[in-house]
Amino acid sequence: MSTNIHPWSRFLRCFATLVACASCVALATGQKKDMPRENVVDFPAFGEALCVHNLFQSNMVLQRDKPIPIWGWANPGEKVSISFAGQTKEDKADKDRAWKITLPAMEANAEAQTLTVNGKDKTLTLENVLIGDVWILGGQSNMEEPLQNVENGKLEIVSANYPGIRILTVPAQNGPKVKKGFARLHEWSNWSGRHFRKGDWDVCSPEIVRELSAIGYVFARRLHMAAQVPIGVIDASRGGTTVETWTPTPVLEKIETPEVKGLLAEWEKKVAEFDPQKDLEKRVENHHNWVKNMKKQGREIPKGRTVPTDLRPGPAMDQNRPGNCYASMIAPIAGLSVKGAIFHQGYNNAGGGSAGADMYYQVFGKMITAWRDAFNDPHMPFGIISLCTAGEPQTRDDYLEKMVNGGIYIREAQYKTFLDFLNAGDENVGFASSFDKRRSWYHPQLKIPVGERISRWALATQYGFEKDIKWKPPMYTEMKVEEGKIILKMDTWVRAVTNGPIEGFAIAGKDRRFQPAEAEWLVTGKDQHNRPKHDRRVIALSSPHVPEPLHFRYAWGRNPMGNLQSADHNDLPFATQRSDDWRMENVPVKLTGFDDLPPKDFARRANHESKKALQLDDLGRRLKEAQTLIDERKEEYEKKRDAERKRAEEKK
């Protein structure tokens with residue numbers, strides 16, 4: 001919905017925003033002088049007497065077109081009222097100090113408004129409040145990756161003057177106990193060796209946006225530009241996390257599969273067996289050994305490096321203990337009215353082999369439903385961004401070897417989860433591939449195009465641009481085998497990115513030995529100039545090395561070959577997928593003799609054995625192709641070379 005704003009009002013609003021931004025520039029990087037190497041709290045999660053949840057602050061965005069719950073704490077029995085947008089609502093704090101007031105749904109409004117919370121002896125004033133759409137950013141470090149670290153990020157930063165976009169980053173908390181709030185603080189990062197300011201709503205500006213999620217910023221910027229409504233983004237992502245930690249423990253406990261039950265049992269055992277005293281003794285021993293080695297090398301002991309004395313909580317507080325991140329980072333913001341969420345994750349689930357991928361698929365759909373429940377919207381829009389690339393690019397020379405990687409199966413599980421919702425009639429779950437934004441590092445810095453791609457889904461499905469914007473990836477609607485070829489019928493015209501040969505398909509027969517496939521559009525006849533006519537909705541897959549194919553795989557590599565996309569001026573890739581259901585450990589041959597290994601150890605062993613076998617298959621194919629080339633072209637080459645020599649001799 002567009003909001004008409006008088007030019008003078010727009011000027012006043014922008015001036016007020018500049019003043020607000022100027023006051024927070026000094027805090028933008030989260031740095032204060034002489035802060036200890038630990039979290040430094042500015043405002044606790046729960047204040048004394050009258051207070052609101054830290055979700056509700058000056059500069060925030062409230063969700064439009066939905067009832068708006070606002071809650072906080074006061075003295076037991078204290079009457080609390082909220083005044084906003086010309087209306088006042090009241091409640092009374094219960095014996096636990098909690099109160100909650102729900103304002104009626106309102107239309108989008110880009111004019112800065114003031115919200116007041118009145119108690120018996122205290123009034124809270126929240127200024128510069130907008131009404132628009134609020135989106136949650138979820139996942140791990142590739143969602144968290146800040147704009148200042150990505151390719152072309154600096155260009156986005158200097159352009160990020162959007163007072164209608166507001167930003168909040170949720171602090172990282174730990175533990176299985178469900179948290180009701182979060183502090184506003186300077187969060188210490190051992191990884192970065194610095195503090196980050198978290199828990200505050202900020203107005204989007206070049207100073208603020210540099211540390212926001214790159215994907216999240218681009219997503220918000222595109223929505224704001226197109227829809228012309230205020231956009232708030234709440235970044236609840238956290239590096240190094242798994243899908244199970246983002247899922248409520250009670251939800252996990254209801255999944256009756258061997259993989260999930262085994263995962264929960266493994267964590268219960270780790271928590272039960274952890275001895276904090278023995279852990280401390282081991283750390284002390286390690287410290288003394290380290291000091292001894294440093295002195296032996298003549299190196300100085302850094303200041304502040306002392307013998308450990310603290311007892312650590314151990315696995316119970318591990319960020320990847322199932323349910324912990326949900327309890328600590330989603331539960332604290334649950335109940336807020338929001339528009340939707342986008343989610344980019346998978347790296348830390350990629351090492352579990354087929355069992356780990358099965359577990360991911362069993363959990364992911366339940367996680368999405370749990371998040372919808374948390375925000376009181378069973379149809380809440382949820383955008384899935386598939387696992388990004390990592391490792392050296394797959395080539396034709398090492399094609400088969402690079403097909404052995406657990407991350408590919410996670411990417412497949414994400415796509416399958418999307419299809420499950422879509423096929424059930426749920427149009428509010430979106431999907432965007434990211435494997436084609438290739439870099440070898442596991443934090444590929446091509447984030448801006450990924451943010452643009454997931455915004456296509458949101459704009460088309462949530463903002464009325466479905467006639468203008470296409471977002472769904474090309475999909476095959478039918479597969480059949482004819483005359484030694486696999487025929488795939490697509491739902492749209494497709495082409496290679498460069499209009500060259502289509503790359504990225506592999507096919508296999510019943511022996512489960514895949515080979516790279518030649519992929520061509522189906523020839524349906526000839527045109528008036530006697531040239532082949534092609535049906536660009538149908539692809540034929542074949543290989544001289546697979547005379548009787550049964551199944552295909554596409555983009556089956558962690559950093560895969562794969563260049564097929566829709567042919568309608570949209571860079572929408574054909575997603576990572578396959579037609580077979582063979583387990584990773586059974587391709588090309590089933591691993592035997594190691595059934596007693598734990599699942600992750602079994603997966604590592606299987607990867608090792610499979611790679612050895614597939615390296616041989618790659619080499620064998622290359623030798624055959626080389627021999628075929630020699631057989632077909634050797635005579636022609638020798639004739640031309642002889643002719644060249646004769647011409648050279650005649651010129652002497």
Side-chain angles (χ1 to χ4, degrees), residues 350-354 356-357 387 389-413 415 435-436 438 440 479 481 484-486 488 496 501-520 539-564 573-592 594 602-629:
S354 294
L387 176 62
T389 59
E392 293 302 313
Q394 183 182 45
T395 69
R396 191 172 175 86
D397 287 349
D398 62 8
Y399 192 96
L400 304 179
E401 176 189 350
K402 290 287 176 64
M403 291 178 73
V404 183
N405 189 291
I408 312 164
Y409 294 78
I410 298 300
R411 201 177 285 147
E412 178 202 24
Y415 183 61
F435 71 81
D436 61 321
R438 298 176 175 88
S440 298
M479 170 185 154
V481 179
K485 296 182 178 181
I486 292 178
L488 298 180
I502 298 171
E503 297 177 335
F505 282 97
I507 58 176
K510 63 182 180 180
D511 62 358
R512 304 187 179 194
R513 292 189 176 274
F514 282 92
Q515 292 291 349
E518 302 298 324
E520 300 175 319
I539 295 176
L541 308 177
S542 64
S543 169
H545 309 290
V546 186
E548 297 180 1
L550 291 177
H551 289 292
F552 81 90
R553 293 182 176 183
Y554 177 75
W556 210 259
R558 188 64 175 271
N559 190 346
M561 292 178 69
N563 64 358
L564 188 67
F574 191 57
T576 295
Q577 58 195 284
R578 57 176 172 157
S579 62
D580 69 273
D581 61 358
W582 300 329
R583 297 179 72 77
M584 182 167 61
E585 297 81 10
N586 296 347
V587 176
V589 293
K590 184 176 181 179
L591 180 67
T592 59
F594 299 97
F602 180 80
R604 281 191 286 268
R605 183 69 189 220
N607 281 3
H608 177 70
E609 297 298 327
S610 293
K611 282 185 178 180
K612 287 198 302 183
L614 292 173
Q615 284 172 348
L616 283 176
D617 284 359
D618 270 324
L619 180 58
R621 180 191 68 256
R622 292 168 63 194
L623 290 172
K624 288 179 181 178
E625 290 172 346
Q627 189 60 54
T628 299
L629 178 65

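Position 1 is the first residue of the sequence, and the numbers go up from there.
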**OP:** Please lay out, stage by stage, how F514 and V587 fare under the test side-chain contact (heavy atoms from CB on, under 4.5 Å).
**Re:** CA-CA 9 Å; F514 282 92; V587 176; 4.1 Å; yes

Original post:
How would you list, by chain and number, every residue that makes a side-chain hydrogen bond (donor to acceptor under 3.5 Å, both in side chains) with N563, sequence neighbours excluded?
Top reply: none

Original post:
Which distance, rounded to the nearest 0.5 Å, do you find between the NZ of K402 and the CG of D397?
Top reply: 10.0 Å

**OP:** Please state whether the rings of F505 and F574 are parallel, tilted or perpendicular, taking 30° and 60° as the class boundaries.
**Re:** tilted

Original post:
Closest approach of R438 and G562, non-hydrogen atoms and distance?
Top reply: NH2-O, 2.6 Å

**OP:** Any chance you could lay out the side-chain contact (heavy atoms from CB on, under 4.5 Å) test for Q394 and W556, step after step, and finish with the verdict?
**Re:** CA-CA 9 Å; Q394 183 182 45; W556 210 259; 5.5 Å; no

Subject >> Nearest heavy-atom neighbours spanning T576 and A555 >> reply: OG1-O, 3.5 Å

Subject >> Closest non-hydrogen atom pair, R512 against A508 >> reply: C-CB, 4.1 Å

Subject >> Residue pairs, two or more places apart or on separate chains, that pass salt bridge (charged side-chain N to carboxylate O under 4.0 Å, His left out) and touch residues 539-558 >> reply: R553-D580

**OP:** Would you mind checking if E401 and R621 are paired as a salt bridge, meaning a charged N to carboxylate O distance below 4.0 Å?
**Re:** no

Original post:
Mind checking whether D618 and R396 have side chains closer than 4.5 Å, heavy atoms only?
Top reply: no

Subject >> Flag, side chain of S579 to backbone of F552, donor-acceptor distance under 3.5 Å >> reply: yes

Original post:
Between atom CE of M479 and atom CD1 of I486, what is the distance when rounded to the nearest 0.5 Å?
Top reply: 4.5 Å

Subject >> Rounded distance [0.5 Å steps], CG in L387 versus CZ in F435 >> reply: 11.5 Å

Subject >> Nearest atoms (heavy-atom pairs only) where L541 meets A519 >> reply: CD2-CB, 3.6 Å

**OP:** Could you tell me the separation between the CD atom of Q615 and the CG atom of L400, rounded to the nearest 0.5 Å?
**Re:** 10.5 Å

Subject >> Rounded distance (nearest 0.5 Å) linking atom CE of M561 with atom CE of M403 >> reply: 11.5 Å

Subject >> From CD1 (I539) to CG (L564), nearest 0.5 Å >> reply: 4.5 Å

Subject >> Check: E585 side chain, G353 main-chain N or O, donor-acceptor pair, under 3.5 Å >> reply: no

Original post:
Can you name the residues that form a side-chain hydrogen bond (donor to acceptor under 3.5 Å, both in side chains) with R604, not counting sequence neighbours?
Top reply: D601

Original post:
Is the backbone N or O of G504 less than 3.5 Å from a side-chain atom of Y399, with the two atoms forming a donor-acceptor pair by type?
Top reply: yes

Original post:
Using a distance-only test with no angle check, is there a side-chain donor-acceptor pair under 3.5 angstrom linking N607 and S610?
Top reply: no

Original post:
Hey, is E625 close enough to R622 for a salt bridge, meaning N to O under 4.0 Å?
Top reply: no

Subject >> Side-chain heavy-atom pair R578, H551 within 4.5 angstrom cut-off >> reply: no

**OP:** Grab the two heavy atoms, one from S542 and one from G484, that are nearest each other, plus how far apart they are.
**Re:** CB-O, 4.2 Å

Subject >> Distance-minimising heavy-atom pair for A496 and P501 >> reply: CB-O, 3.6 Å

Original post:
Are any side-chain N or O atoms of N559 and backbone N or O atoms of T389, one a donor and one an acceptor, separated by less than 3.5 Å?
Top reply: no

